[in-house]
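Quick note: numbers below take in every heavy atom, side chains included, and nothing from hydrogens, waters or symmetry partners. Atoms within each ligand, like the ligands themselves, are counted from 1 in listed order. The first residue of the sequence shown is numbered 1, and numbering continues consecutively from there.
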Amino acid sequence: MVKAVAFGKLILFGEHAVVHGQPALAVPLKALQATVSAEPAPLGSGLQILLPDVATPLRLETHDALTVTAQLVLTHLGAPEPDMVLRLSSSIPLQSGFGSGAAVSTALARALSLTLGRPMSREDLNALVYEVEKIHHGTPSGIDNTVIVYERPVFFVRNQTLEPFGIAQPFALLVARLGYATPTHITVGDVRTLYEHDPAAIQPIFDQIGAISRHARYAIESGGLDPLGRLMNENHALLRELTVSDDNLDRLCQAALDAGAEGAKLSGGGRGGNLIVLANKNRAAVQEALLQAGAVEVIHTLISED
Ligand code: PMV
């Protein structure tokens with residue numbers, strides 16, 4: 001049996017502005033992962049994809065992000081449909097800003113290509129998963145597939161070559177999950193509409209977010225982490241101006257700051273999903289405040305190069 005894994009991801013800075021050409025910083029979230037195992041199946045049974053808690057397997061005829069992934073892998077390799085069962089399991093909550101769609105596609109493409117004896121290069125896999133991301137997101141920037149396929153912290157600028165970045169000094173973040181989400185293509189579409197109605201007002205917001213991402217990269221690469229909390233707060237305020245925060249995200253950010261956190265911001269598409277919190281000093285109190293304010297879960301993660 002072949003097994004392949006893909007991690008979730010966390011956007012630290014720059015979401016939404018990244019769709020409009022600004023840089024963003026994202027890191028793998030190794031606490032959460034999708035796994036796909038591949039087993040041979042009886043002759044003539046074709047390819048079946050088994051999802052957790054779903055009795056009927058998906059087949060290539062079904063038009064679904066996972067079957068499209070499998071079909072794209074077979075086309076890429078020039079391979080016929082194999083007799084095989086691909087079994088998916090994932091600890092990445094759906095639609096929570098952790099890149100679950102890109103992670104399950106990546107794990108599935110890895111398992112399928114590996115079991116056919118022709119593992120795909122990261123470059124090919126990244127391009128393939130980006131194609132699948134378009135089904136979920138409409139006009140994705142490509143940040144999710146890039147960080148998930150390369151499994152490294154990335155300074156991401158749309159349509160530019162990948163720039164991994166270094167983390168001089170690992171730092172801890174709390175990730176609070178709200179338990180509901182708005183599909184990313186909706187918030188991305190709303191930001192686009194906002195921009196098209198008044199580019200002169202919105203472009204400076206994108207530019208400021210881009211400047212924050214660059215500043216944050218410098219801080220993280222040099223190990224001078226003091227400005228990080230402030231940069232997170234500023235980034236969150238700009239995302240509010242882009243209308244992608246909501247009352248719950250704002251309330252949780254404020255609760256974290258009131259409990260002593262240095263910074264907090266939404267992460268990912270917004271209007272639900274999750275927020276990230278920097279709390280070096282009062283971590284236990286901040287975690288408690290987040291849960292009191294309505295977070296359904298708080299995950300501790302260490303942001304490091306490996
Ligand atoms: O909702 P998520 O975590 O997949 O966030 C996507 C990030 C956006 O910048 C909002 C969209 C994109 O394609 O980059």
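- The atoms of ligand 1 that sit less than 4.0 Å from any heavy atom of S141 are 12 (C), 13 (O), 14 (O).
- In terms of protein heavy-atom proximity, atom 7 (C) of ligand 1 is nearest to I11 CD1, 3.5 Å.
- Nearest to atom 10 (C) of ligand 1 by heavy-atom distance, out of H16, K134, E133, is H16.
- A donor-acceptor contact shorter than 3.5 Å links the side chain of K265 to the backbone of L12.
- Residue-environment remark: NZ (K3) stays at or below the threshold of 12 foreign heavy atoms within 6.0 Å.
- Within the 3.5 Å criterion, the main-chain N or O of T62 finds a donor-acceptor partner in the side chain of T67.
- For ligand 1, the atoms closer than 4.0 angstrom to any heavy atom of E15 are 9 (O).
- Close contacts of ligand 1 with D144, meaning ligand atoms under 4.0 Å from a residue heavy atom, involve 4 (O).
- Taking every heavy atom of G97 and a limit of under 4.0 angstrom, the matching atoms of ligand 1 come to 3 (O).
- Nearest non-hydrogen protein atom to atom 5 (O) of ligand 1 is G269 N, 3.4 Å.
- For the side chain to side chain contact (heavy atoms under 4.5 Å, CB included) criterion with T106, the lone passing option out of V149, N145, D144, V36 is V149.
- Interface of I143 with ligand 1, defined as ligand atoms under 4.0 Å from a residue heavy atom, comprises 14 (O).
- Residue T187 does not touch ligand 1, judged by heavy-atom distances below 4.0 Å.
- Residue R271 forms a side chain to side chain donor-acceptor pair (under 3.5 Å) with just one option from D246, T182, T243, and that option is T243.
- Near V18, with a cut-off below 4.0 Å to any heavy atom, the atoms of ligand 1 are 9 (O), 14 (O).
- Within the 3.5 Å criterion, the main-chain N or O of L72 finds no donor-acceptor partner in the side chain of H76.
- Counting non-hydrogen atoms of neighbouring residues, nucleotides and ligands closer than 6.0 angstrom, the OH atom of Y180 exceeds 12 such neighbours.
- To the nearest 0.5 Å, atom CG of residue D207 and atom CD1 of residue I212 are 11.5 Å apart.
- Between the side chains of R251 and N248, a donor-acceptor pair is found at a separation under 3.5 Å.
- In terms of polar-atom proximity, G99 is not counted as a contact of ligand 1, lacking any N or O under 3.5 Å from an N or O of the ligand.
- Of all atoms in ligand 1, listed by their number and element, those nearer than 4.0 Å to a heavy atom of K9 are 2 (P), 3 (O), 4 (O).
- Among protein heavy atoms, the minimum distance from atom 1 (O) of ligand 1 is reached at T184 OG1, 2.7 Å.
- Below 4.0 Å from some heavy atom of P140 lie the following atoms of ligand 1, by number and element: 13 (O).
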